[in-house]
Amino acid sequence: MRPSRRDSTPERTERPITAPVRVLLVDARSITRAGIRAVLEQDETIAVAGEACDAAGAERETAGAGPDVLLADAQSPGLDVIGMVTALATRFGAGMPGVLLMTQHTDEAAHQALRAGAKGVVLNRATPRQLLAAVHMVAAGYAVHAGPGPSGHPDRGDGPWPPAGCRPGAGPERARAELLTRREREVLRLLARGLSNAEISAELVLGESTVKSHVQHLLDKLRLRNRVHAVIYAHRTGLVPAGCACPGPRQPAEP
């Protein structure tokens with residue numbers, strides 16, 4: 001009996017934490033793909049695995065390049081994102097990459113794409129840092145969405161971050177947070193909202209060098225590699241309140 005297309009595609013194995021996140025860009029506009037590629041290439045732990053201009057190309061590139069994340073602009077001319085997500089889920093099943101959609105606003109089409117199997121929606125006005133964090137979070141298996149969720153859950157904001165407690169089993173990880181001082185917890189919460197060191201400095205009325213020290217101390221105590229992992233940790237363990245919203249578009253921050 002000839003195997004089906006879905007059966008012939010092996011399940012994706014878990015990506016080693018030291019391996020770069022492989023991203024496939026999907027957009028009909030080459031200039032848009034170039035701009036997003038430039039943002040992604042700011043992060044040395046992300047590698048652009050390929051590009052496609054339509055849903056058919058996305059399916060071909062997924063089969064050939066095996067990306068961890070498929071990043072597509074929902075406003076791309078002629079791109080049926082719901083059809084694309086459905087086709088990917090049908091063909092690749094558990095081997096499907098995490099689909100992250102960029103959109104002007106969260107509308108019913110975005111919610112339908114989430115229900116079809118997309119992992120997240122990020123607003124086009126997100127900063128480069130927020131987009132990079134969203135890519136990492138989707139690659140790690142988190143659901144990321146802005147505004148009201150697909151089931152009507154009010155996130156009370158337009159930030160591209162998931163509600164707290166997206167994933168179970170965070171108890172042992174959260175226990176490490178007891179090592180943090182009160183100030184380090186405050187810095188972590190602001191870090192998880194997408195604030196830069198300068199913005200945290202202004203929010204807490206601290207010197208920027210002091211903020212940098214707090215960031216390094218909390219990374220060391222929590223055994224995290226970088227700021228992106230701190231964002232993931234904060235959401236995974238529920239240290240960021242459900243519905244915590246990013247306060248709007250910001251200028252690109254320091255790496």
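All values reported here derive from a predicted model rather than from experimental measurement. Note: hydrogens, waters and symmetry copies are ignored here, and every other heavy atom, side chains too, is used.
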* Any side-chain heavy-atom pair of Arg185 and Glu178 under 4.5 Å -> yes
* **Evaluation steps, side-chain contact (heavy atoms from CB on, under 4.5 Å), between Leu222 and Leu188** => CA-CA 11 Å; Leu222 298 175; Leu188 178 58; 4.1 Å; yes
* **Validation row: Thr86, Ile82 side chains within 4.5 angstrom (heavy atoms)** => yes
* Apply the side chain to side chain donor-acceptor pair (under 3.5 Å) test between Asn197 and each candidate in His214, Lys212, Arg227; give the one that qualifies. => Arg227
* Can you spot which of Arg29, Arg60, Arg33 makes a salt bridge (charged side-chain N to carboxylate O under 4.0 Å, His left out) with Glu51? => Arg33
* Structure fact -> For Thr62 and Pro97, the nearest pair of non-hydrogen atoms, with its separation, is CG2-CD, 3.6 Å
* How about Thr45 and His136: does a side-chain donor come under 3.5 Å of a side-chain acceptor? -> yes
* Structure fact -> Scanning both residues in full, the closest heavy-atom pair of Gly141 with Lys119 reads O-NZ, 3.3 Å
* Salt bridge present between Arg189 and Glu184 (N-O < 4.0 angstrom) -> no
* Asked: Once you round to the nearest 0.5 Å, how far does CZ of Arg22 lie from CG of Leu70?
  -> 12.5 Å
* Is a donor on one side and an acceptor on the other found under 3.5 Å between the side chain of Glu61 and the backbone of Ala58? -> no
* Asked: Counting only N and O atoms by type, is there a donor-acceptor contact under 3.5 Å from the side chain of Ser196 to the main-chain atoms of Glu199?
  -> yes
* To do: Output the distance between atom CE (Met96) and atom CZ (Arg91), rounded to the nearest 0.5 Å.
  => 13.0 Å
* Report yes if the side chains of Val144 and Val121 come closer than 4.5 Å at any heavy-atom pair, otherwise no. => no
* Structure fact -> One should read off an interatomic distance between Leu218 CG and Tyr233 OH, to the nearest 0.5 angstrom, of 10.0 Å
* Asked: Are side-chain heavy atoms of Val69 and Leu24 found at a separation under 4.5 Å?
  -> no
* Would Asp73 and Asn124 count as a side-chain contact (heavy atoms from CB on, under 4.5 Å) if you check the C-alpha gap in whole Å, the side-chain angles of each, and the deciding distance to 0.1 Å? -> CA-CA 9 Å; Asp73 193 323; Asn124 283 343; 4.3 Å; yes
* Structure fact -> All heavy atoms of Ala139 vs all of Val21, minimum pair found to be CB-CG1, 3.7 Å
* **Leu25 CG to Met102 CE distance, which is reported to the nearest 0.5 Å** => 10.0 Å
* Asked: CG of Leu101 to CG of Leu71: how many Å apart, nearest 0.5 Å?
  -> 8.5 Å
* To do: Can you see which heavy atom on Ala118 is nearest to which on Val85, and at what distance?
  => N-CG1, 3.5 Å
* Asked: Can you list the steps and then say if Leu191 with Ile200 is a side-chain contact (heavy atoms from CB on, under 4.5 Å)?
  -> CA-CA 8 Å; Leu191 195 66; Ile200 295 173; 4.2 Å; yes
* Structure fact -> For Leu224 and Ala230 the tightest heavy-atom approach is CD1-CA, 3.6 Å
* Closest approach of Asn226 and Leu219, non-hydrogen atoms and distance? -> O-CD2, 3.4 Å
* Structure fact -> Distance col, row Asp220:CG vs Leu179:CG, nearest 0.5 angstrom, shows 11.5 Å
* Main-chain N/O of Leu206 paired to Ser201 side chain as donor or acceptor, under 3.5 Å -> yes
* Asked: Can Ile46 and Glu41 be said to form a side-chain contact (heavy atoms from CB on, under 4.5 Å), step by step?
  -> CA-CA 7 Å; Ile46 293 177; Glu41 289 178 343; over 6 Å; no
* Asked: Is the closest side-chain heavy-atom distance between Leu123 and Gln104 below 4.5 Å?
  -> no
* Sub-4.5 Å side-chain heavy-atom contact between Arg176 and Arg223 -> yes
* Asked: Hey, is the main chain of Ala28 close enough, under 3.5 Å, to the side chain of Thr32 for a donor-acceptor pair?
  -> no
